[in-house]
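Following: one structure in structure tokens, then a few remarks.
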Amino acid sequence: MSFSALGLSDKILEGVKAMGYSEPTPIQLRAIPLVLSGKDVIGSAQTGTGKTAAFALPILSKLGVHNPVGPRVLILEPTRELAAQVETAIRDYARFTNLKVTVVFGGVGYGKQNDELKAGADIVVATPGRLLDHLEQGTLRLDKVEFLVLDEADRMLDMGFLPDVRRLVEKCPRKRHSALFSATVPPAIETLIQWAMHEPETIEIGARRTPAESVKHVIYPVSDSQKTDLLLELLNRVNYDSVIVFCRTKHGADRVATTLKRANHAVAVLHSNRTQREREQALQGFRDGKFEVLVATDIAARGLDIADVSHVVNYDVPQHPEDYIHRIGRTGRAAATGDAFTIMVAEDAPHVFSIERFISQKIPRVKLENFEYRYTALFEESKPGAAAGGFPGKVRGGRVHGGYSFSPGGRRR
Ligand code: AMP
């Protein structure tokens, strides 16, 4: 099935072609016709499935040409980085139209945003807080909105944005089309759906709880005191092109980044205590290959489209099982294969069990060959229903089943 059979406008098809997309992804196949037919849509696809184009292409097609009345499309995103990323994608898709898109988020001055809003944007991509500021200051109205997109709704909930989102939705006309994307649908999102959407159709791509099949993942049990040593050793041995290392806290991320820098890794850090400029530089540098390791917290890295991540390392086990899926979703995107490593200390065991329950999969425990473990108790531990104890048969001659290559000195660049 090609894009041209889906009913998109010629200008948007040109944009898709220029992006080099040859065929629609499963969510695009399902969502594009629905949005074009005027249906409200709930999408529960994972990140990396092409969901931005799934809603953007049909909406842009329906908008047609620029109209200075005020924004006709409002897209809400939980973080600045996501907002910026979605705006860039939309600019690309709409490059053969005269539609105007602008992005609105906090942490930067108001000047440019005021100018762009005044000039008349057809599409506004925004984080909730700053958008409310603009509404209060009268620099923006939402009374011409025809399409509302609530992206990463579960993360908006986690970040406490739902009250802001409700206030914003109330400012939009009742007669509109809505789309909502969420990896999970907890009760609060269900309520939002009931309240904000009109007879929505749900599209679920793949089982909601299944990590991308192209990602191979393993757990490295280790004692707390050797976590950092193990991380350094892993980075030294693994053939990586680009790695994201996830940490639980901003402080922890800074500490890990400092250690890695000392070990001569080219490292960037991404967390919400950094200024907008620092965050942009970190992301850009990582995308350009200037930094080969990005150390990040969950919130900062949520949903970011960072291409070609060869490995994800969970320096800390995620506290919420959904975050495991989101984290490892950074690798194996667009069907490229990727590896995800989770470093686990004794007290992480309950979190690991709940991740395994959540994804209905056992994650193999692996021991790093020739690493001087001070304690090995974790390897022997074998709770009923857990995947512990599986490592010895998995390691053979420096190679672990599933293709993890640990031949020393193997960094590609
Ligand atoms: P998303 O899930 O929207 O963050 O998209 C993930 C990545 O897939 C982005 O780099 C998109 O540019 C890319 N992408 C989206 N749709 C397609 C497609 N139909 N063919 C190839 N790549 C795509």
Side-chain angles (χ1 to χ4, degrees), residues 1-8 12-33 35-36 41-61 73 75-95 101 103 123 125 149-155 179-184 203-206 208 210-215 241-242 244 283-284 286-289 296 300-310 312 322 325-338:
M1 182 88 169
S2 72
F3 275 104
S4 52
L6 293 175
L8 296 167
I12 295 304
L13 283 175
E14 269 186 74
V16 168
K17 200 167 157 213
M19 292 297 285
Y21 299 173
S22 51
E23 52 184 72
T25 64
I27 191 169
Q28 290 163 1
L29 268 181
R30 304 262 325 267
I32 291 172
V35 177
L36 283 175
V41 171
I42 299 169
S44 71
Q46 292 167 32
T47 54
T49 51
K51 72 182 159 75
T52 312
F55 66 78
L57 300 178
I59 289 178
L60 294 172
S61 277
V73 182
I75 301 169
L76 291 180
E77 298 287 342
T79 65
R80 313 165 195 177
E81 282 81 7
L82 265 175
Q85 183 177 298
V86 167
E87 186 223 17
T88 305
I90 288 184
R91 230 176 249 285
D92 283 337
Y93 301 143
R95 74 177 90 167
V101 53
V103 66
I123 302 123
V125 186
V149 179
L150 305 175
D151 199 11
E152 306 265 342
D154 45 354
R155 186 49 51 137
L180 178 141
F181 293 86
S182 198
T184 55
I203 305 174
E204 214 167 313
I205 298 298
R208 203 186 285 165
T210 315
E213 280 170 17
S214 51
V215 180
D241 288 329
S242 52
I244 304 189
L283 262 184
Q284 200 51 49
F286 187 65
R287 285 194 176 116
D288 295 347
R302 167 84 182 195
L304 290 180
D305 178 27
I306 301 171
D308 300 328
V309 176
S310 62
V312 165
E322 313 90 73
I325 305 267
H326 291 308
R327 287 181 181 191
I328 69 173
R330 311 298 93 231
T331 181
R333 293 173 78 89
T337 54

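Model, not experiment: these values are computed from the prediction. All ligand and atom numbering here is 1-based and tracks the order in the structure.
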#### Entry: salt_bridge(Glu204, Arg30) N-O dist < 4.0 Å
no
## Note on the structure
Atoms of ligand 1 under 4.0 Å from any heavy atom of Glu23, numbered from 1 in the order shown, are 18 (C), 19 (N), 20 (N)
### Query
With side chains defined as the heavy atoms from C-beta onward, is the minimum distance between Ile27 and Phe181 less than 4.5 Å?
yes
### Query
Should Val101 and Val125 count as side-chain neighbours, where that means a heavy-atom distance under 4.5 Å?
yes
### Query
Between Phe55 and Ile32, is any pair of side-chain heavy atoms under 4.5 Å apart?
no
### Task
Identify, by atom number and element, the atoms of ligand 1 in contact range of Phe3, meaning under 4.0 Å from any of its heavy atoms.
19 (N)
### Passing candidate, side-chain contact (heavy atoms from CB on, under 4.5 Å) with Leu60, options Leu8, Ile90, Val73
Ile90
#### Entry: Residue pair Asp151 / Lys51, side-chain heavy-atom distance below 4.5 Å
yes
### Query
Based purely on interatomic distance, does Tyr93 place a nitrogen or oxygen under 3.5 Å from a nitrogen or oxygen of ligand 1?
no
### Query
Under 3.5 Å between some N or O of ligand 1 and some N or O of Lys51?
yes
### Query
For Thr52, is at least one N or O under 3.5 Å away from an N or O on ligand 1?
yes
### Message
Give the atom numbers and elements of ligand 1 that come within less than 4.0 Å of a heavy atom of Thr25.
### Response
17 (C), 18 (C), 19 (N)
### Query
Has ligand 1 got any nitrogen or oxygen that is less than 3.5 angstrom from a nitrogen or oxygen of Gly50?
yes
